[in-house]
Each structure stands twice: as structure tokens, then as C-alpha cells.
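One structure is given here, and the rest of the page talks about it.
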Amino acid sequence: MRSFILNENEMNELAKRQPTPFLVLSVDKVAENYAFLRKHLPRAGIYYAIKANPHPRALERLAALGSHFDVASAGEMEMLHAAGVDGSRMIYANPVHDGRGFAAASRFGVKRFTFGEESGIPKLAAAAPGADVLVRVQVHNSKALVDLNTKFGAPLGSALPLLRKAEQAGLHAKGICFHVGSQSLSTAAYEEALLLVHHLFLEAEASGMHLTDLDIGGGFPIPSAEGLHVDLAAMLEAINRQLERLFPQTAVWTEPGRFLCGTAMNLVTSIIGTKQRGAVPWYILDEGIYGVFSGILFDHWTYPLHCFGNGAKTPSVFAGPSCDGIDVLYRDFPAPKLPIGANVLVSDIGAYTTVSATRFNGFEPAAVLVWEDQADLVAKRRKLREADEASSASIAQMP
Ligand SMILES: *Cc1c(COP(=O)(O)O)cnc(C)c1O
């Protein structure tokens with residue numbers, strides 16, 4: 001599936017309307033990603049993990065499509081409330097809850113929680129008596145970029161005792177959740193986790209506890225600068241088959257974050273300085289590691305960079321505008337010679353980027369434009385695509 005990527009004309013046209021740096025979010029692309037998951041993983045309902053990108057227009061679009069939402073704090077519940085989403089469509093999926101989070105959950109009517117420790121049970125039972133709970137278990141996956149299982153999850157062996165204790169405390173023990181880690185490139189990680197959790201479901205049933213819900217977390221991957229070397233449709237379909245086989249009667253949920261918004265946003269940033277260090281050209285951009293590129297550090301990520309311009313390509317360095325030596329974004333990037341003022345484009349930068357940007361050195365957060373609001377450019381793109389399709393159709397018809 002293709003990412004949302006502006007072409008050179010669109011980028012430069014937008015840069016006349018909005019000073020750089022700015023982001024361009026395609027809400028249609030978010031909707032397309034949602035439809036892709038529904039199509040290839042139909043057994044699972046969707047809780048969008050909004051920490052990846054809580055832009056109100058993305059939330060509104062997903063809400064209109066019927067999505068549910070994964071939240072981790074009072075602030076995230078408030079964002080959803082502002083987007084018109086009711087608490088009945090949220091799961092408070094941070095296994096550790098704070099007082100403000102409990103208060104917001106009660107205010108907005110959030111009734112589903114996850115937990116991972118015995119010490120969390122009395123807190124939950126006091127703040128949300130009778131709530132539905134899922135226990136988060138640890139699963140292992142060496143093929144995830146971001147490991148979440150060193151910090152989160154109860155050992156598999158303690159899952160059922162924890163659910164029984166939750167029942168005794170007056171909570172409704174509904175089932176089990178896990179997260180194989182973010183940007184998971186392994187279908188086997190899901191399949192193995194499902195097998196292990198299936199055993200727990202059988203064991204629970206044998207002991208008289210009927211579990212009804214399974215939440216398989218997020219982790220679905222998107223392209224980085226190195227591309228994406230898994231067939232995602234095949235991966236989702238394999239998971240779906242395993243769900244049909246092992247959990248035919250269970251309510252299944254997934255919590256995608258990165259997948260829904262990652263490919264739906266572009267950054268336009270421009271060159272504000274250049275220098276030459278030996279044979280290596282350096283370009284200083286007006287956006288850096290303390291801004292939208294913060295995911296390079298926090299999310300261990302490299303975003304696809306698109307430079308426009310002709311001429312020989314030289315391995316170049318791209319750095320951000322802050323007064324810190326750590327603010328270097330790309331090294332050895334083959335780029336044509338670029339003048340001060342040139343715009344460059346970064347794609348697939350919609351997840352875990354704006355959310356961790358800081359105001360270090362006093363730089364303002366990059367503005368976000370919504371692509372679908374740029375009616376003239378959207379219409380132009382549609383015409384180009386139609387012309388393309390017409391010409392490839394006529395080529396196909398040639399004898
Ligand atoms: C972050 C998170 C997600 C989303 O993970 P992705 O890898 O972005 O899909 C889902 N569930 C929980 C509990 C999370 O913490």
C-alpha cells in the first residue's frame with residue numbers, strides 16, 4: 001500500500017501558503033489505513049492508540065468510521081471527548097493508572113481497563129468498581145523495533161491468578177491483552193503469543209472462569225527510510241486465520257497506533273544554512289531533532305527524505321536548527337546540490353513525531369495542514385491521476 005507523498009509542485013505550492021517547517025496530514029490516508037486493517041484483519045475491532053498521533057482531525061475521521069480508542073491518560077481522554085468520542089468507545093490501556101486518569105475515566109464513562117500487577121487491583125476496584133478488566137501479559141519478540149515487554153506485562157503464569165483476584169475484588173475479569181512490541185516485522189510473534197494465550201483461555205475455562213475478550217495490541221509496521229520488507233496484507237491475514245482457528249467465540253480487539261497515521265503525514269522543511277566540511281556538504285534545516293524529528297531518538301526511526309533537484313548526488317549531512325551537537329538528522333545521504341531556501345520533503349512521519357516534539361531553544365512546533373482542505377491541489381492531483389489512468393488504459397488497448 002502506498003504512503004501519502006506530496007510531489008515537488010504540491011510541496012512548493014503549499015510552502016507559498018504556509019511558512020516552513022510544516023506538516024501535511026492526509027485524513028483520507030488515515031481512513032484508507034483503517035479500511036486496510038478492517039479488510040485484512042476482519043476478526044479484530046480497532047482501538048486506535050492515540051498516543052501515536054492525536055491530531056483532532058484524525059480522531060474525528062476515525063470516530064466517524066466507527067473506530068474505538070486506546071488511551072493512557074486523562075489528557076488523552078480529554079482530547080477524545082473534545083472530538084466527540086464517548087468513554088464507552090475507549091479502553092484505558094495503560095496498565096498503571098493515576099488519580100487524574102481514574103477521575104477522567106469516571107467523568108467520561110470509561111469502563112474498560114487493563115492492568116498488569118496485583119498492586120493495581122485494589123486501586124482499580126476502588127476507583128472503578130465493577131469495571132471490565134483485561135490482564136496484560138508479557139510476550140517476547142526479538143523482531144520488534146521497540147520492545148514493550150521488558151517494562152510491561154505479567155508473566156504468563158500469573159495471568160489467571162491475577163484475573164481471579166480481580167474478580168474477588170468486584171471487577172469483571174474479561175480476558176487477556178498483550179503487545180508484541182512496536183514495528184513488529186514478525187508474524188510468528190503474534191502467532192506464538194496467540195498460541196500461549198489460547199492455552200490460558202482453555203486453562204481458565206477448565207477452572208470455571210469464562211474469558212470472553214482478547215486484545216492483541218498494536219505493532220503493525222510501516223515503511224521507514226529502508227522501506228518495508230514484509231507483506232503486511234499477508235501478515236494480517238495470517239493473524240486473522242489464527243484468530244478464527246483458536247478464538248472463534250472470543251471478542252477480539254487490536255490497538256494499532258503507528259499503522260493508522262504513520263504513512264499519512266509529510267513534513268516540509270527548508271534549508272536555512274549550508275557549509276562544506278572537507279568533501280561533505282552540510283545542510284541546516286528549519287526543523288530538527290528537538291521538533292518533529294524527535295522520533296529519531298525516542299522511536300529509533302529514520303524517515304524517508306526526498307530532495308528535489310538535478311545534478312550529481314553527493315553524500316551529505318542534514319542537521320536541525322538547534323544549538324546542540326546531537327541535532328544531526330541524516331549522514332551520508334546522497335543529495336544533489338541544494339541552495340539556501342530549497343524545500344525538502346520527509347514522508348511517513350505521522351507517528352510518534354509531533355507528540356514528542358519539544359520547544360527547546362524556543363522553536364515553535366511545526367504547524368499541521370490537512371491535505372484534504374487544499375481543495376485546488378486535491379482536484380489537480382485527481383485530474384493528473386485520471387489522465388495517467390486514461391493514458392495507461394489507451395496503451396493497454398494498443399494492438
Ligand atoms: C503504544 C501502544 C499501542 C500502539 O502501538 P503501535 O506499535 O504504534 O501499533 C497499542 N497498545 C498499547 C497498550 C500501547 O502502549
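We count residues from 1, following the sequence as given. Counting starts at 1 for both ligands and their atoms, following the listed order.
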For residues [X] and [Y], is any side-chain donor paired with an opposing acceptor at under 3.5 Å?
| X | Y | value |
| --- | --- | --- |
| T20 | D286 | yes |
| D86 | S88 | yes |
| T114 | D215 | no |

Self-check item: Output field: ring centroids W301/Y352 closer than 6.0 Å
Solution: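 Aromatic pair excluded; centres sit 6.0 Å or further apart.
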
Quiz item: Where does the angle between the aromatic ring planes of F36 and H40 fall among parallel (under 30°), tilted (30 to 60°) and perpendicular (over 60°)?
Solution: tilted

Quiz item: Under 30°, 30 to 60°, or over 60°: which ring-plane class applies to Y92 and F102, parallel, tilted or perpendicular?
Solution: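 Ring orientation, 0 to 90° scale: perpendicular.
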
Self-check item: Under 4.0 Å from ligand 1 - residues by heavy atom, chain and number
Solution: A49, K51, D70, A93, R136, H179, S182, G218, G219, E255, P256, G257, R258, Y352

